[in-house]
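Below you'll find the structure, written out as structure tokens, and then a few comments.
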Amino acid sequence: MTREPQIQYTKTSDGVSIAFHAMGSGPPLIISSPLTFSHVGLEMQFPPVQALYERFADKHTLIRWDPRNYGLSQRGLEQIDFGRWALDIEAVADKLGLQHFDMVALNWNPVLQVRPERMRRLVLAPVAAIRGADLLDRPEQSAVRSLAEKNWDVYTDTLANMLLGWTSSNAHEYALFMRESIDQADYLRSLAAWRSCDVWPYLAGITCPTLIVASSDASDNARFGLGQARQTASAIPNARLTPMAGAISGLNPKLADLIEQFLSEEPFPGFEAAPATSGAPAASDNQLEAAPPGMAVILFTDIVDSTALTERMGDARFREASRALDAGLRNAIRDAGGAAIDGKLLGDGVLATFASAAQAIDGARRCLALSAASELGLHIGVHAGDVIREENNVFGGAVNIAARICGLSRPGEILVSDVVRGMARSSAGVEFEDRGEQAMKGVGEPVRVYAVRGTE
């Protein structure tokens, strides 16, 4: 009889207690729960789960963890999102002294916000959704999930039958496992986090060999999943997509075969995982073109109360000061690895793009230092997302959101979106203060923003 793995605990960088265990020996393999819900203290009671873990632990050190608000990890946390869930994984890796590891994400997209340089190989089986709202707003999904708010027991019973099949004799036991894994309030917070997620900005930065498995069935759900998988594979530089007949379940032996074969392969030629480094790479005249295709980290600056300053300083003095600051900002942006956009007419502002969030925050800090040494204050905002590039110009909704965030910032403050905070949480050398969700003109849903701390 297999000995139950010993549960251990670690603390995340934001002080959350995370439960995990490790079994076997060999290269480290971190795997998300194959049961959709997570409870490292109970899941080994299911024989198929035990068999799966023992199979992988035969050649790897298999590592399982409970995300925050699940299982034996700390619960009742109000603020959860994909970035914070990624912190849970990195805390476990740090506790075990792992610089690099293989990662198997069974319907757990938050792994896409783990620092990509730490992942040696990545399996996504399946891709839940690039944008959570695309999945959760589908009629068949929203109908059953409305039960989650009304009757937790009925919801978990219904979901268990949907996932296992209405004739399954194990559905009741699975529903009990769900209720032990997470309570109703935490689950509703989890749904909100999934619904607001958008992992697209992170895909281009994943450089490790990546296997994406999607169902080739003809059902509507399978077609949706295959479409998401194709988009994801097209955005990850070294991904391959493998369709598989039947439901993509972590307990399916066919999927385990695919994963095991992939993990036994050597990394692709030229791949070398390396720890994150601080500081920006050398700038070039082609920095804008060198950014990940279709995506950019966008920095906006704007002079505080320029109209009032013009009246107080006079036109000539204000224009002289603003031109000097503008030149300094553009130099600072270039030194941080970014590219100022000359084709955008912004009045007293500067728009710039960067290839990474850490670079953009570095550039924002440099700009703020220049402002502090001048007579002119700045509003600064940073966002990341898809952009349309046309000559030396950028367009799109992400650009508009960056401008709105800039307008929300206080004089002498850097505000960033949740997307940027997630991308830079462990690489920018700063801290972030949550300012909550903010409604923005012309933007359909509120955007959560954070103030950058440690900018002096």
Side-chain angles (χ1 to χ4, degrees), residues 83 131 196 198-202 204-205 280 287-288 291-304 306 326 329-330 332-334 336-368 371 377-390 392-425 428 430 432-452 455:
R131 296 173 178 86
S196 64
D198 181 356
V199 298
W200 184 259
Y202 304 93
Q287 185 69 43
L288 178 60
M295 177 264 182
V297 185
I298 306 148
L299 179 146
F300 255 101
T301 74
D302 191 29
I303 294 176
V304 176
S306 58
D326 182 271
L329 296 180
R330 292 174 185 274
I333 287 164
R334 184 183 64 249
I341 305 302
D342 295 325
K344 210 76 164 177
L345 298 177
L346 299 173
D348 298 315
V350 174
L351 165 64
T353 61
F354 293 81
S356 77
Q359 290 177 352
I361 291 175
D362 179 33
R365 296 175 71 184
R366 292 170 186 251
C367 291
L368 197 61
S371 168
L378 286 179
H379 301 288
I380 302 178
V382 186
H383 181 52
D386 293 340
V387 296
I388 300 169
R389 302 177 187 275
E390 186 175 296
N392 192 30
N393 213 336
V394 290
F395 306 90
V399 179
N400 296 332
I401 292 174
R404 300 297 185 198
I405 293 173
C406 176
L408 289 172
S409 69
R410 300 168 185 168
E413 175 181 68
I414 301 168
L415 278 189
V416 304
S417 66
D418 188 41
V419 173
V420 173
R421 183 201 65 85
M423 294 172 70
R425 67 192 177 280
V430 296
F432 299 94
E433 179 183 307
D434 192 349
R435 291 288 178 81
E437 293 187 338
Q438 303 292 328
M440 298 180 184
K441 183 179 179 181
V443 180
E445 296 181 355
V447 176
R448 184 172 294 279
V449 299
Y450 295 79
V452 175
T455 59

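What you see below is based on every heavy atom in this structure, not just the backbone, and it leaves out hydrogens, waters and symmetry mates.
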Worksheet entry | Arg421 bridged to Asp418 by N-O distance under 4.0 Å | yes
Item to complete: Taking all non-hydrogen atoms of both residues into account, name the closest pair between Gly337 and Gln359 and its distance.
Response: O-OE1, 3.7 Å
Item to complete: Report the C-alpha distance between Ile361 and Ile414 in whole Å, list the side-chain angles of each, state the deciding distance to 0.1 Å, and finish with yes or no for side-chain contact (heavy atoms from CB on, under 4.5 Å).
Response: CA-CA 8 Å; Ile361 291 175; Ile414 301 168; 5.6 Å; no
Worksheet item: For residues 396-413, which residue pairs qualify under salt bridge (Lys or Arg N to Asp or Glu O under 4.0 Å), counting only residues two or more places apart or in two chains?
Response: Glu413-Arg435
Practice prompt. Tell me, with the steps shown, if Leu378 and Leu329 meet side-chain contact (heavy atoms from CB on, under 4.5 Å).
Written response: CA-CA 11 Å; Leu378 286 179; Leu329 296 180; 3.9 Å; yes
Practice prompt. Report yes if the side chains of Val416 and Val449 come closer than 4.5 Å at any heavy-atom pair, otherwise no.
Written response: no
Item to complete: Might you point out which heavy atoms bring Pro201 and Gly385 nearest each other, and give the distance in Å?
Response: CG-CA, 4.4 Å
Fill in: Non-hydrogen side-chain atoms of Ile380 and Cys367 separated by less than 4.5 Å
yes
Fill in: Pairing residues for Ser417 by the side-chain hydrogen bond (donor to acceptor under 3.5 Å, both in side chains) criterion, not counting sequence neighbours
His383
Discussion item. If the condition is side-chain hydrogen bond (donor to acceptor under 3.5 Å, both in side chains), which residues does Asn400 pass it with, not counting sequence neighbours?
Written reply: none
Worksheet item: Heavy atoms, side chains only, cut-off 4.5 Å: are Val430 and Arg365 in contact?
Response: yes
Practice prompt. Measure the spacing between CG of Asp362 and CD1 of Ile333 and express it to the nearest 0.5 Å.
Written response: 11.0 Å
Item to complete: Could you check Tyr450 against Val420 for side-chain contact (heavy atoms from CB on, under 4.5 Å), going step by step and ending with a plain yes or no?
Response: CA-CA 9 Å; Tyr450 295 79; Val420 173; over 6 Å; no
Discussion item. Using only atom types and a distance under 3.5 Å, with no angle test, would you say the side chain of Thr301 pairs donor to acceptor with the backbone of Val350?
Written reply: yes
Item to complete: Kindly compute the distance separating CZ (Phe300) from CG (Asp302), expressed to the nearest 0.5 Å.
Response: 9.0 Å
Worksheet item: Between the main-chain N or O of Ser409 and the side-chain N or O of His379, is there a donor-acceptor pair closer than 3.5 Å?
Response: yes
Response to the item:
Sorted by chain and number, sequence neighbours left out, side chain to side chain contact (heavy atoms under 4.5 Å, CB included) with Ala360 holds for Val297, Phe354, Val382
Fill in: Residues forming a side chain to side chain contact (heavy atoms under 4.5 Å, CB included) with Pro446, sequence neighbours excluded
Glu437
Item to complete: Quick one: pull up CG in Leu415 and CD in Glu433 and give me the separation to the nearest 0.5 Å.
Response: 9.5 Å
